[in-house]
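A short write-up of the structure that comes next.
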Amino acid sequence: MRSERYNPREAEGKWQAVWSERETFRTSNDDPRPKYYVLEMFPYPSGRIHMGHVRNYAMGDVVARYKRARGFNVLHPMGWDAFGMPAENAAMQNKSHPATWTYANIATMRGQLKSMGLSLDWSREIATCDPSYYKQQQKLFLDFLAAGLVTRKKSKVNWDPVDHTVLANEQVIDGRGWRSGALVEQRELTQWFLKITDFAQDLTDSLDELDRWPEKVRLMQRNWIGRSEGLRLRFELADGSLSGTEDLEVYTTRPDTIFGAKFIAIAPDHPLARDIAEGRPDLSAFIDECRRMGTSVATLETAEKKGVDTGLRVRHPFDPSWLLPVYVANFVLMDYGSGAVFGCPAHDQRDLDFARAYGLGVTPVVCPPGEPPSSFVIGDVAYDGDGLMINSSFLDGMSPVEARDEVVRRLESKELNGRPQGERQVNFKLRDWGISRQRYWGCPIPVIHCESCGTVPVPVRDLPVTLPEDVTFDRPGNPLDHHPTWKHVACPECGGAARRETDTMDTFVDSSWYYARFTDPTNQEQPTSAAVDHWLPVDQYIGGIEHAILHLLYSRFFARAMKATGHLSVKEPFKGLFTQGMVVHETYRDANGAWMTPSEIRIEQTPAGRRAWTLDTNEPIDIGSIEKMSKSKRNTVDPDDIIGSYGADTARWFMLSDSPPERDVIWSEEGVQGAARYVQQLWRLVGELDDAAVGADRSPDAGQPSTQVATDVRKLVHAHLMRVEESIERLRFNTAIAEIRKLTNGLSAALAGIESPDQMTSELRLACREAALYLVGMFAPMMPHLAEECWSALGQSGLVADQPWPVLDRSLAVDDRIVIPVQVNGKRRAELTIDRAAEASLVEAEALKLDAVVRELDGRSPRKVIIVPQRIVNVVV
RNA sequence: GCCCUCAUGGCGGAACUGGUAGACGCGACCGACUCAAAAUCGGUUUCUGAAAGGAGUGGGGGUUCGAUUCCCUCUGAGGGCACCA
């Protein structure tokens, strides 16, 4: 073929241009082949791609190219999650417009992604900040509004004082804004909400069916949704009515412990607490204190259980003469259940802490198995296990489960103030999704506020509601609100003066349906068309674990809401989900503790281990721990530099090779060099195979005897092909790569073993030709440019990208003769080479004849011989 | 505090459902080529032992003919949730 080195710089640009000219990766919606939709989480256009993107998109590209080769019509699109705060911050700093910054970043990053050689259909590219995209999003919003899936309500919100905006619960991490890191404050604002809670039950139930999702993600979502089954129970006020009510409602999941009740606790902002506080300075002071405490972790962790007795008393449901005190307590949340609980100190840790602090008593009502009820006492730890009911009147002797049912049954049929005293209730931790953001660079919420008509949806003919371009960012707050004219419009209903909604949507809305938009991205009339049901669900979605809750839960909700409004017909958008690990790297610091980037230093292997020095001044550098690549620790490697010096194929190969894809991968210079070496090795080997195969195209001369070498080469190729297929199907890219490397090691050895030209039978030539073509086909999904170059050098027409996957001959992949280990008493003593299909009796006879076995038996006769077909023989003495 | 995951050579890791532990790569060492270096190629590389052998998958225990894999327990690392009644 040729002997010169492979030059990725020349070849990669060339093949990218060919793919682009021939529109190789353009996907048609009416292709008759079976569909396969591969999607990687689209990037935020922050400026430049990072190694995490390279890893994510390399994985997706292997799947896309592999499935293409396997005969699927593959949809593999790319877009930009383009709205968001960083663009506004950049605009403030540079005195430019967010759109300018965003589109410039998109252009840069598009170029970078193209230099990776990804098999993307760029004709479907979308940017969420484009009016053609957010017009359809506004239409979805209006449809959701009409369907009752949107509400506007005054509510306590998480306010980020740095970004001057509201955050969803999901966006508050440890009491801080997910983006700004600022301590979140509580404020009362009127907000738009998407009613994700309408689907709470289905969102939790359907997790069971997502069998191609990581168990971990399903569990995290299940915990986040937080379904619990319990009892809504009303206690009668002992002193008649108060502020218009005669009873106090609590929620409990442990009705069985009702006879262990010692107090009632209500939230500081419970209406009853507010009423009573009016004449009680001590109580109102306590309530104020609780409010100030807020939600930060530090306060929650250290906060003692505190409360104030309201003086109010309620009657026990099963004993009217038993009065329980009502406390206002700092650990009760108003927005869960009914904002009130009954405290059973013996079997709930918080209640126990509280009861101990205020001397309210502790009576155990569940006795652990095997413990004598008379001697069972509660120490510092509440008992929440199983057992038998004690001290509980008619429940005594039952199990907690039986007791639960009995209490519920009795209270359901017992009337209090004209209603059953207890009712079963299912509660969720999940809250509705507040989407109002007081920002400019987001999708405008398409409603108009009119003094006389109220809140009026913008008529569909007036969509999109576009963002004004002449905005300034010179003062805090929402530029849309500051704009002199934008918000003043005529009411679509009465024509009178009205005001536009100036809130924009949370950017998580944008990413909650983009997967659907890709199926018909240029449709100007509707968000989706019939194509959406052809393509969805996404067969394989790939992205970071950090989206396990937010993005993935919102997307699942959106699919349901879009189904309810007729925009698509699946409810689960992502059939397969894969969450890849991060890219991590060593960290480096100089003598002053300042972080150094990998490109500023030089590493050498010394007798004392690996040591580092600065490149310019040759000062020693500390090699530190391996951490996630981040700007702050300066341990990043720029994909452009890597692709520039080694080529995209090397970067892709190394990213996929070292670690299992769900785990973190350590980026190391040595590792990349190993990958680069292998690129040249492959190039050389394909050339050698080609040389060996010269003349192979001529028909084989019939008279020549078949040679063992030729068969061995074919067996090698097919056996490894089988394992590469299996690995890719399971997304085990690291083992797929190991198998390819093993195959090349084997082929090199086989070529080296051919000593004389006589051995070069036409059969062997054909085997070498097959080996070369198959090998190229196998590594093509990972190293597409090198594959095209090899394909062309082998004299093949067309592109590897258009070739079907190599055809596996299973009879070659699976050997007739196998080697199985022979154990004596569980220890491996010998090997037995035998026909795969050999009868157990033959295997046993042969095994017992082996020298090592005879020696080990030493004249004793085996007690038992265990034979696992094709696996192992174990002789037990 | 609750829940989950993980632990294998100097390092990243392999071993699908219990069946030859350490594939493949990185690093290291030895050798070839070279005046020399780099690159490249060949070999060795879990520990112990000259070898035969023995030990070995975080510690301890169990089930099994057989355990990296299943069960119990302890230790360590990472992650999620966080007063959710």
Side-chain angles (χ1 to χ4, degrees), chain A residues 5 173-175 214-217 219-224 226-228 230-231 250-254 257 265 267 295 297 299-301 303 305 329-333 335-344 347-351 353-354 381 384 427-431 545 548-549 605 609-610 626 654 657-660 662-666 668-675 677-678 680-681 684 723 726-727 730 732 734-745 748 752 819-831 862-868 870-877:
Chain A
R5 287 171 66 81
I173 294 152
D174 291 345
E215 186 51 43
K216 181 181 177 172
V217 174
L219 187 73
M220 281 165 72
Q221 292 217 351
R222 192 168 282 124
N223 289 342
W224 186 267
R227 183 182 190 278
S228 77
L231 180 71
V250 305
Y251 175 73
T252 179
T253 55
R254 294 292 304 273
T257 64
T295 54
V297 201
T299 52
L300 282 185
E301 267 178 357
K305 304 287 174 278
N330 64 349
F331 64 90
V332 182
L333 304 173
D335 62 357
Y336 185 79
S338 61
V341 299
F342 81 75
C344 174
H347 305 291
D348 181 287
Q349 192 60 47
R350 284 164 319 199
D351 297 345
D353 296 345
F354 190 77
V381 182
D384 61 0
N427 258 338
F428 296 93
K429 292 190 206 173
L430 187 68
R431 299 273 83 97
I545 186 80
I549 298 171
Q605 198 74 40
R610 286 174 81 242
I626 293 170
F654 176 58
S657 66
D658 237 27
S659 295
E662 69 280 5
R663 270 197 239 175
D664 292 350
V665 64
I666 302 170
S668 74
E669 192 60 25
E670 293 88 350
V672 186
Q673 282 165 2
R677 257 196 315 272
Y678 186 63
Q680 298 301 335
Q681 253 179 61
R684 213 174 327 116
R723 289 198 286 268
E726 285 166 1
S727 287
R730 291 169 54 215
R732 304 287 291 180
N734 56 327
T735 55
I737 281 177
E739 290 301 332
I740 292 174
R741 291 191 92 129
K742 253 198 279 192
L743 171 59
T744 53
N745 291 348
S748 296
V819 179
I820 56 172
V822 179
Q823 297 181 332
V824 178
N825 286 334
K827 291 210 182 271
R828 180 179 161 276
R829 297 296 175 187
E831 280 179 350
R863 193 155 58 89
K864 194 172 165 190
V865 179
I866 290 149
I867 294 168
V868 182
Q870 304 177 27
R871 284 280 180 172
I872 203 165
V873 179
N874 190 9
V875 182
V876 186
V877 184

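Just so it is clear, the values below take in all heavy atoms, side chains as well, and ignore hydrogens, waters and symmetry mates. All chains are named by letter (A, B, ...) in the order of the sequence lines, taking the proteins before the strands, and each is independently numbered beginning at 1.
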If the cut-off is 4.0 Å, is [X] near the phosphate of [N], judged by side-chain N/O to OP1 or OP2?
X: A/Asn223; N: B/C2; result: no
X: A/Arg871; N: B/U20; result: no
X: A/Arg732; N: B/A15; result: yes
X: A/Arg677; N: B/C26; result: yes

Give [X] one of three labels, base, sugar-phosphate or nothing, depending on what nucleic acid heavy atoms sit under 4.0 Å from its own.
X: A/Glu831; result: base
X: A/Arg663; result: sugar-phosphate
X: A/Val819; result: base
X: A/Val332; result: base

> Quick check: does any side chain N or O of A/Arg254 sit under 3.5 Å from a backbone N or O of A/Asp348, one acting as donor and the other as acceptor?
Replying inline: no

>> With a 3.5 Å distance limit and no angle check, can you tell me whether A/Gln221 reaches the backbone of A/Ala548 through a side-chain donor-acceptor pair?
In response: yes

>> Both A/Met220 and A/Val873 contact RNA chain B. Which one's nearest nucleotide lies toward the 5' end?
In response: A/Val873

Restricting both atoms to N or O, compile the protein contacts to nucleotides 53-55 of chain B shorter than 3.5 Å, with distance only.
unit_1: B/G54; atom_1: OP1; unit_2: A/Arg829; atom_2: NH1; d: 3.4
unit_1: B/G54; atom_1: OP1; unit_2: A/Arg829; atom_2: NH2; d: 3.4
unit_1: B/A55; atom_1: OP2; unit_2: A/Lys827; atom_2: NZ; d: 3.4

> Once you round it to whole Å, what is the distance between P of B/C65 and CD1 of A/Ile872?
Replying inline: 14 Å

> Between B/C26 atom P and A/Asp658 atom CG, what is the distance in whole Å?
Replying inline: 9 Å

> Could you spell out the base pairing of RNA chain B in dot-bracket, with Watson-Crick or G-U pairs whose two distances are under 3.5 Å, [ ] crossing and | to another strand?
Replying inline: (((((((..(((......[....)))((((((.......))))))(((....)))..(((((..]....))))))))))))....

>> We want to know whether A/Thr744 and A/Tyr678 form a side-chain donor-acceptor pair, criterion being a heavy-atom distance below 3.5 angstrom.
In response: yes

>> Could you work out, with side-chain contact (heavy atoms from CB on, under 4.5 Å) as the rule, every residue matching A/Asp384, not counting sequence neighbours?
In response: none

